[in-house]
Amino acid sequence: MAFYFDQPSRTFGEYLLVPGFSSGECIPTNVDLRTPLVRYKKGEEPDITLNIPMVSAIMQAVSNDTMAIALAKEGGVSFIYGSQSIESEAAMVARVKNYKKGFIVSTSNLTPEDTLADVLTLKERTGHSTVAITEDGTANGKLLGIVGSKDYRVSRMDPSTKIKEFMTPREKLITAPHTTSLKDANDIIWEHKLNNLPLVDENDHLAYLVFRKDYDSHHENKLELLDENKSYVVGAGINSRDYEERVPALVEAGADVLCIDSSEGYSEWQRRTLQWIKDKYGDKVKCGAGNVVDEEGFRFLADCGADFVKVGIGGGSICITRETKGIGRGQATALIDVCAARDKYFEETGIYVPVCSDGGIVHDYHVTLALAMGADFLMLGRYFSRFDESPTNKIRINGRYVKEYWGEGSNRARNWQRYDMGGDKKLSFEEGVDSYVPYAGSLKDGVYTTLAKVRSTMCNCGALSIPELREKAKLTVVSSTSIVEGGAHDVITKDTTSNV
């Protein structure tokens, strides 16, 4: 007979935290959210520690170099998606490692022959009001001008007006050499009351833009995650097919940590991949693995040398694995079991293998629940896809801004490697959907709000660190009626939304 678990499979939405004693020290500013990213031995420190317990998912619609830089500034790590060519993924990693803080490579670029309509379309897609006008329309082309919001009036101009007729031309721009330091660039900006300063090379090709509005932010990123060379920490996704070619390229590009991107990690394919990495690089290259949902899966990957283990099958907002295959487990139950296995493994071996909760996060408070249940950090897809920094388009539907979001198992991504079971090299059926998510503005603001809630809840539990939360947390299963009771009820709520 098949094995039957004696308890139901539960989700985060079925639990609440019960408050504990809050001392006078329990204020949100005192909460420390640092957490290990990779395995370490008892009495030692992990080689990589996150400053916040959040990493972005290995997805086309979530994690590129722009996302990686933005999240590293806040103290987390992005795992750049692997369902692209090896050269393209390595180039994204290299751009993150070579990124100079405060020096922005322009992502909004057009030519003088483009039109006002093109400017408006680009602004709608990227949210950026400053457009660099270069000879070939690329980020590093010869600089011919700049278009800012003050250079045009939509109500008074024909959308077909060419950019060369209203841009601020090169001869009127104040620029500086590409070797200019950030301090000197900011001094020039303040001296000339500029909104931005283009930095150009000896051939007058655009290298970077330095923005006035970024000045204060350079002093605000106290939690930014840096390596020993003061470059941002970045991760990258790999698969269990082309790892012998992909891993060396990513390591050469500077990736700090890798992760096998797979819907199911309890497999011979992941064992072979981890073994190859350990044989070639030893402990120098860190690689996480997954996903699993029980103790057996965790122990398998821990014994194979995984530097962290991801938990979760079928709980993602765009994942339909449970619906199509009947495989998976409620995220809360899976996480609780795997974290217990991690602690048991640590007691037996003296090796701590961090657990990453991947999927099932619907509300911000679910992040705190996951940490209380034992997760060392969380991998988030839908959450990060909503922000400006994700690589997808922002569009307007029925008066509301949304961003595109699709799963790696959808026909759009066709990431067959993620679902590979050793058969044909193709996606036989979909395990993900193509969708939209509500646009949520900047990553910095969104992460700040979420973590403010996490810190506040931790104080309610009397905890000032993630290990202390795990030790002091009291969790209760809730009924469907109490879930209704927990929201606004028996009142008519005011509609504060705008139709604009």
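Quick caveat, the model's predicted, so the values are computed rather than measured. As a basis for the values below, the full set of heavy atoms in this structure was taken, side chains included, without hydrogen atoms, waters or symmetry mates.
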Between Leu182 and Val210, is a side-chain contact (heavy atoms from CB on, under 4.5 Å) present by the stated rule, with each step listed?
CA-CA 8 Å; Leu182 183 59; Val210 179; 4.1 Å; yes

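- Closest approach of Gly145 to Leu143, counting heavy atoms only: O-CD1, 3.4 Å.
- For the pair Asn203 (side chain) and His205 (backbone), a donor-acceptor distance under 3.5 Å is absent.
- The closest donor-acceptor contact from the side chain of Arg39 to the backbone of Ala302 lies under 3.5 Å.
- Ring-plane geometry between Phe298 and Tyr345 is classed as perpendicular, the angle between the planes exceeding 60 degrees on a 0 to 90 degree scale with a lower cut at 30.
- Taking each heavy atom of Gly235 and Val77 in turn, the nearest pair found is N-CG1, 3.7 Å.
- We find the OG-CD distance between Ser78 and Glu389 to be 10.0 Å, quoted to the nearest 0.5 Å.
- Side-chain contact check for Thr392 versus Trp406: some heavy-atom pair is nearer than 4.5 Å.
- Asn109 and Leu122 make their closest contact through N-CD2, 3.8 Å (heavy atoms, listed as atom of the first residue, atom of the second, distance).
- Asn291 approaches Gly312 most closely through the heavy-atom pair ND2-O, 2.7 Å.
- Taking the centre of each ring, Phe387 and Tyr383 come in below the 6.0 Å mark.
- Counting heavy atoms from C-beta outward, Arg400 and Pro438 have side chains that approach closer than 4.5 Å.
- You'll find the side chain of Ile104 reaches within 4.5 Å of the side chain of Tyr99, heavy atoms only.
- Taking both residues in full, the closest heavy atoms of Ala207 and Asn140 are given as O-ND2, 3.8 Å, listed atom of the first, atom of the second, then distance.
- Listed for the Gln270 side chain is a donor-acceptor partner under 3.5 Å among the backbone atoms of Gly290.
- Pairing each heavy atom of Glu89 with each of Gly82, the nearest pair is OE1-CA, 3.6 Å.
- Residue-environment remark: CD (Glu268) exceeds the threshold of 12 foreign heavy atoms within 6.0 Å.
- Of the inter-residue distances, the one linking Cys356 atom SG with Leu378 atom CG reads 6.5 Å to the nearest 0.5 angstrom.
- Under the 3.5 Å distance criterion, the side-chain polar atoms of Gln331 are matched with a main-chain donor or acceptor of Val311.
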Check against side-chain contact (heavy atoms from CB on, under 4.5 Å), Arg386 and Lys403
CA-CA 6 Å; Arg386 305 170 302 148; Lys403 293 205 76 175; 5.8 Å; no

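- Atom OH of Tyr436 has 12 or fewer heavy atoms from other residues, nucleotides or ligands within 6.0 Å.
- More than 12 non-hydrogen atoms from other residues, nucleotides or ligands lie less than 6.0 angstrom from NZ of Lys278.
- Remark: Glu244 CD is packed, more than 12 non-hydrogen atoms of other residues, nucleotides or ligands lying under 6.0 Å away.
- Distance alone, capped at 3.5 Å, is enough to place a donor-acceptor pair between the Ser465 side chain and the Glu468 backbone.
- At a cut-off of 3.5 Å, with distance as the only test, no side-chain donor of Ser240 or Thr273 sits close to an acceptor on the other residue.
- Between Tyr352 and Phe346, the ring planes are perpendicular. Angles over 60° get that label, and only those under 30° would be called parallel.
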Checking side chain to side chain donor-acceptor pair (under 3.5 Å) for the pair Asp114/Thr111: CA distance, chi angles, key distance, verdict?
CA-CA 5 Å; Asp114 290 317; Thr111 73; 3.2 Å; yes

Worked verdict on Ser231 versus Asn229 for side chain to side chain donor-acceptor pair (under 3.5 Å):
CA-CA 5 Å; Ser231 296; Asn229 298 316; 5.8 Å; no

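- One distance of note links CG of Asn186 with CZ of Phe211; it measures 12.5 Å at 0.5 Å rounding.
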Steps toward side-chain contact (heavy atoms from CB on, under 4.5 Å) verdict (Thr11, His366)
CA-CA 10 Å; Thr11 65; His366 290 171; over 6 Å; no

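- Taking the charged nitrogens against the carboxylate oxygens, Asp279 and Arg272 have no contact shorter than 4.0 Å, which rules out a salt bridge.
- Taken to the nearest 0.5 Å, the CG atom of Asn195 stands 7.0 Å off from the OG1 atom of Thr130.
- Side-chain contact check for Ser357 versus Met373: every heavy-atom pair is 4.5 Å or farther apart.
- Using a 4.5 Å cut-off on side-chain heavy atoms (C-beta onward), Asp307 and Val257 make no contact.
- The shortest side-chain heavy-atom distance between Leu443 and Met67 falls under the 4.5 Å cut-off.
- Under 3.5 Å, the side chains of Asp364 and Thr450 contain a donor-acceptor pair of N or O atoms.
- Judged purely by atom type and a 3.5 angstrom limit, Ser385 uses its side chain to pair as donor or acceptor with the backbone of Arg382.
- The closest donor-acceptor contact from the side chain of Asp376 to the backbone of Pro36 lies at 3.5 Å or more, if one exists at all.
- Counted within 6.0 Å of CG on Asp303, heavy atoms from surrounding residues, nucleotides or ligands total more than 12; the atom is thus considered enclosed.
- With hydrogens and angles disregarded, a donor-acceptor distance shorter than 3.5 Å links the side chain of Arg329 to the backbone of Val293.
- Enclosure of atom CD in Glu296 is not indicated, since only 12 or fewer non-hydrogen atoms of other residues, nucleotides or ligands lie within 6.0 angstrom.
- Atom CD1 of residue Ile80 and atom CG of residue Leu250 lie 8.5 Å apart, to the nearest 0.5 angstrom.
- Rounding to the nearest 0.5 Å places CD1 of Ile238 at 5.0 Å from CD1 of Ile260.
- Side chain of Asn393 to main chain of Ile395: no donor-acceptor pair is present (N/O by atom type, distance under 3.5 Å, no hydrogens or angles).
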Verify side-chain contact (heavy atoms from CB on, under 4.5 Å) between Tyr232 and Leu226, making sure each step is shown before the conclusion.
CA-CA 5 Å; Tyr232 286 127; Leu226 305 172; 3.5 Å; yes

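- Residue Asp256 forms a salt bridge (Lys or Arg N to Asp or Glu O under 4.0 Å) with just one option from Lys286, Lys97, Lys284, and that option is Lys97.
- With contacts defined as side-chain heavy-atom distances shorter than 4.5 Å, the pair Phe384/Met54 qualifies.
- For the pair Phe12 and Leu335, the minimum side-chain heavy-atom distance is below 4.5 Å.
- Ionic pairing of Asp388 and Lys444 is not present here: no N-O contact between side-chain nitrogen and carboxylate oxygen is shorter than 4.0 angstrom.
- Side-chain atoms of Thr333 never come within 3.5 Å of backbone atoms of Ser9 as a donor-acceptor pair (strictly under, hydrogens ignored).
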